[in-house]
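A quick write-up on the structure given underneath.
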Number of protein chains: 2
Amino acid sequence: MTVTIKDVAKKAGVSPSTVSRVLSGHPRISLETSRKVKVIMEEMGYTPNMMAKSLVSKTTNSICIILPKPAEELFSNLFFMELIRGIVTQSSRSGYDVLISSGANEKEELEAVSRLLKGRRVDGVILLYSRKDDAVIDFLESGGYPFVLVGRSDRYEDILSVDNDNIMAAYDATNHLISMGHERIGFVSGPPNLIVSRDRLEGYRKAMQNKGLEMKAEWIVEGEFLQDSGYRAMSFFMNLPNRPTALVAVDDMVSFGVLRGLNELKYKVPEDLAIVSFNNIPLSELSSPPISSIDIGIYHLGYTASQVLIQSIQKPDNHDGYTNRFVIPHRLIVRESSMYTPGK
Amino acid sequence: MTVTIKDVAKKAGVSPSTVSRVLSGHPRISLETSRKVKVIMEEMGYTPNMMAKSLVSKTTNSICIILPKPAEELFSNLFFMELIRGIVTQSSRSGYDVLISSGANEKEELEAVSRLLKGRRVDGVILLYSRKDDAVIDFLESGGYPFVLVGRSDRYEDILSVDNDNIMAAYDATNHLISMGHERIGFVSGPPNLIVSRDRLEGYRKAMQNKGLEMKAEWIVEGEFLQDSGYRAMSFFMNLPNRPTALVAVDDMVSFGVLRGLNELKYKVPEDLAIVSFNNIPLSELSSPPISSIDIGIYHLGYTASQVLIQSIQKPDNHDGYTNRFVIPHRLIVRESSMYTPGK
DNA sequence: CTGTTAGCGCCTTCAG
DNA sequence: CTGAAGGCGCTAACAG
């Protein structure tokens, strides 16, 4: 059934090694033999057995990504799918296959990663999250396995990672509102244990401080990356005696929640409350009004992560120096939701 | 570095075959030896080399899914991610790994599938789409490879496939509107070359015919699975002299477009136009008003596809009979967007 | 330039 | 119940 090198060799009247050499583009081989063998391979429909190849080369030409379990939210789905698309596209361009794995909990994840790596089924791993104190990272670090983190680790400084400059991004978002004339600006953050939430909050703080604007504690609300958080934050803000005229939200989903609430209460955007948020999901362009958003280049994030990982697999030497942290540029997309100067 | 069976055997003072037998749970082996070997394996951190295993067993314990390239739309992202989650979860429960692949075009897809299957890197394939006249399906069929289709093929009748009963689903959706008292009901379809669009349109037709309701040609509009289609369909419908009082849309995204347009024109939902659509994405519950939607069990679709495929890999015998087409149940979630009886 | 040989790590006979 | 031997398909020496 399956055609092997041996079969091809027999039919071509040469030795298996010769066929193998043709396959690997070995230099010292006669043009004629090479051509002949190639034709026969084509004829017989030869496809190399990856397993056998991997066994001897000790390399699999595949990487794996670990899907965090609580990827049940809409936001996560959009985000991860986009990331995966970037990863898969770049990987297949580099001739690598992508294996997806997941575990019900951290222990299972660790088992999966360990099995895949120690069992030599994949050459490296892309971690799609930045949890604190992650056992998987410890395992990968101590085992010396190639891996890259999408996001950043606050524990390991020199880990290979691909991230946005979220501080700067939030700084830009906030500054945009300030430059539109806003002075009372609120911030709806994400879960405080996520580094991305903390970074964005810090960027907001920096921008406010930089312009000497007041930052009331009640203008900062923590929530999830979900509509609901926006909804709740909105009703909280709008009931404040001296309420903000603008808002930075940690995710577009949150903005939708805010929008929905504002809509119900007959408030107008951006007149009553201007909004800027993050991630620039397709829907943000299409909502009414369209939402200003920071595009963080999710696809690009994935694409680069894959590129960086595969590079580090192929030449594991230069794993030091200052090139370990890759920053994907962001850009602010200004839309209707922030196009208003208060008091005008 | 890597621990092999041989290493374990040496340390345990037994032969490699014995270790191998312990590993595979071979019956004829003394309890004592077995225990001793297990302890040593644990100690040394032995992990079987998958490649070597695969090479001899001619089975890889992994399957692959082909990501269609034009998965650039929001809808697709949500849909596919949910599908993938179902697939990955079930696969890892069955001890299978999932490989994701994609190609820039059909030719590349075919090459990828061929390479993976003929190169014995995966045991089977899940196809995430139902295109017409697909070369990949031809290849899989003629090669006798295990595969399952999410959706259905109109060319091959007895292919392993997992799908909804989309005709019935659309029938139910339409009937719901009829039972609310609507008589002029429009339909916004998807691309006509997708089987799912055609099935849903047929279900709508059946329901209308069944009740003897008039079906004007202008009440049926074809579009994409996108907001934009909804937006355009809406403005078309609302300008009709005797416009529909209700609408079935082929996807929730389309409903959002309709909603947005209606909103801009100050029409009210469901009073001016009632809406039901498909897929029940998380956002449909949270929009204002919440949209009635047919939940098609996307996760379940993926979960079942994986299950069915792995079954067919493990016992390829009973590949005939009437059990080849699996139908995932749908259910109508009634929300505000359809809770209105016209003329009331 | 080409053929022969020896494994990669594992499983499966075949003998004890 | 256990050990030895052979081979899965391929690559990498080593000899010509």
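These numbers were taken from a predicted model, which means no experiment stands behind them. Every chain is numbered from 1, with letters handed out A, B, ... down the list of sequences.
Judged by distance alone, the side chain of A/Ser92 and the main-chain N or O of A/Gly95 form no donor-acceptor pair under 3.5 Å. Panel note: side chain A/Asn324, backbone A/Asp158; a donor-acceptor pair is recorded below 3.5 Å. Not one N or O on the side chain of B/Thr304 forms a donor-acceptor pair closer than 3.5 Å with the backbone of B/Leu301. No side-chain donor-acceptor contact under 3.5 Å links B/Ser153 to the backbone of B/Leu149.
Across A/Ile66 and A/Leu128, no two heavy atoms sit closer than the pair O-CG, 3.7 Å. Looking at every heavy atom in both residues, A/Ser91 comes nearest to A/Ile310 through CA-CD1, 4.1 Å. Contact detail for B/Met81 and A/Met81: the closest heavy-atom pair is SD-SD, 3.6 Å.
Sorted by first then second residue, the side chain to side chain donor-acceptor pair (under 3.5 Å) pairs that include residues 43-65 of chain B, not counting sequence neighbours, are A/Arg121-B/Ser62, B/Thr59-B/Asp123, B/Thr60-B/Ser62, B/Thr60-B/Asp123.
One interatomic measurement links the two molecules: CG of B/Leu23 to P of C/dT12, which rounds to 11 Å at whole-angstrom precision. Taking atom CD1 on A/Ile5 and atom P on D/dG9, their separation rounds to 11 Å, with Å as the unit. Taking atom CG of B/Asn49 as the reference point, atom P of D/dG9 lies 17 Å away to the nearest angstrom. Atoms CZ (B/Arg121) and C1' (D/dG9) sit 15 Å apart, rounded to a whole Å.
When B/Val125, B/Asp97, B/Ile313 are each tested for a side-chain contact (heavy atoms from CB on, under 4.5 Å) with B/Ile63, only one passes: B/Ile313.
Distances shown here put a side-chain N or O of B/Thr33 below 4.0 Å from the OP1 or OP2 atom of D/dT2. Dashed line: the shortest gap from a side-chain N or O of A/Ser20 to OP1 or OP2 of D/dT11 is under 4.0 Å.
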Query raised in the report: Yes or no on side chain to side chain contact (heavy atoms under 4.5 Å, CB included) for A/Leu67 and A/Ile100, after CA distance, side-chain angles and deciding distance?
Result: CA-CA 7 Å; A/Leu67 221 52; A/Ile100 288 202; 4.3 Å; yes
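Within residues 50-61 of chain B, the residues approaching DNA chain D are B/Leu55, B/Val56, B/Lys58, by heavy-atom distance under 4.0 Å. At a non-hydrogen distance threshold of 4.0 Å, A/Tyr46, A/Pro48 from residues 40-48 of chain A come into contact with DNA chain D.
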Donor-acceptor pairs are to be reported for all side-chain atoms of residues 32-41 of chain A against protein atoms at under 3.5 Å, with residues two or more places apart or in another chain.
from, atom 1, to, atom 2, distance (Å)
A/Thr33, OG1, A/Ser30, OG, 2.2

For nucleotides 3-6 of chain D, print each protein N/O atom paired with a nucleotide N/O atom at under 3.5 Å, atom names and distance only.
from, atom 1, to, atom 2, distance (Å)
D/dG3, OP2, B/Ser15, N, 3.0
D/dG3, OP2, B/Ser15, OG, 3.1
D/dG3, OP2, B/Thr18, OG1, 2.6
D/dG3, N7, B/Arg21, NH2, 2.6
D/dG3, O6, B/Arg21, NH1, 3.2
D/dG3, O6, B/Arg21, NH2, 3.2
D/dA4, N7, B/Ser17, OG, 3.3
D/dA4, N6, B/Ser17, OG, 3.2

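Recorded end-axis angle for the helix from C/dC1-D/dG16 to C/dG16-D/dC1 stands at 50°, based on five pairs per end and rounded to 10 degrees.
Judged by distance alone, the side chains of B/Ser15 and B/Thr18 do bring a donor and an acceptor atom under 3.5 Å apart. Side chains of A/Tyr156 and A/Asp138: a donor on one and an acceptor on the other come within 3.5 Å.
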